[in-house]
Amino acid sequence: MLGSLHDEGAARLSNKTYTISDLAREFGVTTRTIRFYEEKGMISPLREGQKRLFTPSDRVRIKLILRGKRIGLSLKECIEVIDMYDPQHNNTDQLHSLIDTIDSRRQTLQQQQRDIDDMLANLDQIKALCERSLSSYIAPDQGTSNRKKI
DNA sequence: ATTCTCACA
DNA sequence: TGTGAGAA
């Protein structure tokens with residue numbers, strides 16, 4: 001937020017950079033997570049000594065990774081989509097590929113929904129069995145139960 | 001505050 | 001797909 005004048009080397013070429021904690025804060029993830037993505041080859045921040053320097057482009061990549069994650073894409077799927085982006089062209093290939101990935105995701109989700117519906121139905125069925133079983137026990141004799149103690 | 005590595009779910 | 005601990 002604050003234009004920083006206190007960084008000797010960093011800001012002189014109008015090259016904005018971010019520290020790992022800058023981006024972690026901005027995106028609401030831990031620094032650990034960002035390092036993890038780097039380890040997976042999803043981003044390649046510059047180095048200044050040991051410190052990572054993230055460029056605006058790294059920042060966008062992280063934003064896209066997180067966006068993909070939100071719709072349930074695997075990290076691998078996120079990369080596949082992102083790496084297909086080519087600023088020089090139409091990116092119709094990328095878009096078609098993304099649509100395929102989304103369709104695939106929908107299929108998985110719908111199958112899971114069917115599985116859940118199925119389990120829910122089974123649950124209800126077994127519960128009904130239990131309740132029938134219980135009522136067959138207490139039905140014969142309800143009057144003289146044991147609640148007169150105290 | 002950041003980095004790395006190893007372990008762990 | 002990440003998190004936590006310990007050391008530098």
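Within every chain, numbering begins at 1; the chains are lettered A, B, ... in the order of the sequence lines, protein sequences first and strands thereafter.
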Original post:
Got a sec, which hydrophobics cluster with L66(A), joining ILVMFWY side chains under 4.5 Å apart, including via others?
Top reply: Y18(A), I20(A), L23(A), F27(A), V29(A), I34(A), F36(A), Y37(A), M42(A), I43(A), F54(A), V60(A), I62(A), L64(A), I65(A), L75(A), I79(A), I82(A)
Subject >> Atom-pair distance (CG on L46(A); P on dT3(B)), nearest Å >> reply: 13 Å
**OP:** Would you kindly give the NZ-to-P distance between K76(A) and dG2(C), to the nearest whole Å?
**Re:** 16 Å
Original post:
Does OP1 or OP2 of dC4(B) have a side-chain N or O of R47(A) closer than 4.0 Å?
Top reply: yes
Subject >> Nucleotide of dG2(C), dT1(C), dG4(C) approaching S74(A) most closely (side-chain heavy atoms) >> reply: dT1(C)
**OP:** Return no unless some side-chain N or O of R35(A) is found under 4.0 Å from OP1 or OP2 of dT3(B).
**Re:** yes
Original post:
Would a 4.5 Å heavy-atom cut-off, applied to side chains only, mark L53(A) and R47(A) as touching?
Top reply: no
Subject >> Q111(A)-D115(A) side chain donor-acceptor pair, cut-off 3.5 Å >> reply: yes
Subject >> Phosphate OP1/OP2 of dG2(C): any Y37(A) side-chain N/O under 4.0 Å >> reply: yes
**OP:** Could you tell me the separation between the CD1 atom of I43(A) and the P atom of dT1(C), rounded to a whole number of Å?
**Re:** 15 Å
Subject >> d(CD1, I79(A); P, dT1(C)) in whole Å >> reply: 10 Å
**OP:** Report yes if a side-chain nitrogen or oxygen of T19(A) is closer than 4.0 Å to either non-bridging phosphate oxygen (OP1 or OP2) of dA1(B); otherwise report no.
**Re:** no
Original post:
Under 4.0 Å between a side-chain N/O of K69(A) and OP1 or OP2 of dG2(C), yes or no?
Top reply: yes
Original post:
Is it true that a side-chain atom of D22(A) and a backbone atom of T19(A) form a donor plus acceptor pair closer than 3.5 Å?
Top reply: yes
**OP:** Could you tell me whether a side-chain N or O of D124(A) sits under 3.5 Å from a main-chain N or O of A121(A), the two making a donor and an acceptor?
**Re:** no
Subject >> Candidate pair H89(A) and D86(A), rule side chain to side chain donor-acceptor pair (under 3.5 Å), full reasoning >> reply: CA-CA 6 Å; H89(A) 298 78; D86(A) 175 2; 2.7 Å; yes
Subject >> Whole angstrom value for the distance that separates C1' of dG2(C) from CD of E38(A) >> reply: 15 Å
Original post:
Closest nucleotide of DNA chain B for R25(A) versus for E39(A): which of these residues is on the 5' side?
Top reply: R25(A)
**OP:** Classify the nucleic acid contact of T30(A) as base, sugar-phosphate or nothing, counting any heavy atom under 4.0 Å across all strands shown.
**Re:** sugar-phosphate
Subject >> Sorted by number, the residues of residues 49-59 of chain A with heavy-atom contact under 4.0 Å to DNA chain B >> reply: Q50(A), K51(A), R52(A)
**OP:** Please state how far atom CG in L23(A) lies from atom P in dA1(B), giving the value in whole angstrom units.
**Re:** 17 Å
Original post:
Roughly how many Å is it from CZ in F36(A) to C1' in dC8(B), rounded to a whole number?
Top reply: 13 Å
Subject >> I34(A) CD1 to dT3(C) P, straight-line distance once rounded to whole Å >> reply: 11 Å
Original post:
Would S104(A) and Q107(A) count as a side chain to side chain contact (heavy atoms under 4.5 Å, CB included) if you check the C-alpha gap in whole Å, the side-chain angles of each, and the deciding distance to 0.1 Å?
Top reply: CA-CA 5 Å; S104(A) 165; Q107(A) 289 240 342; 5.6 Å; no
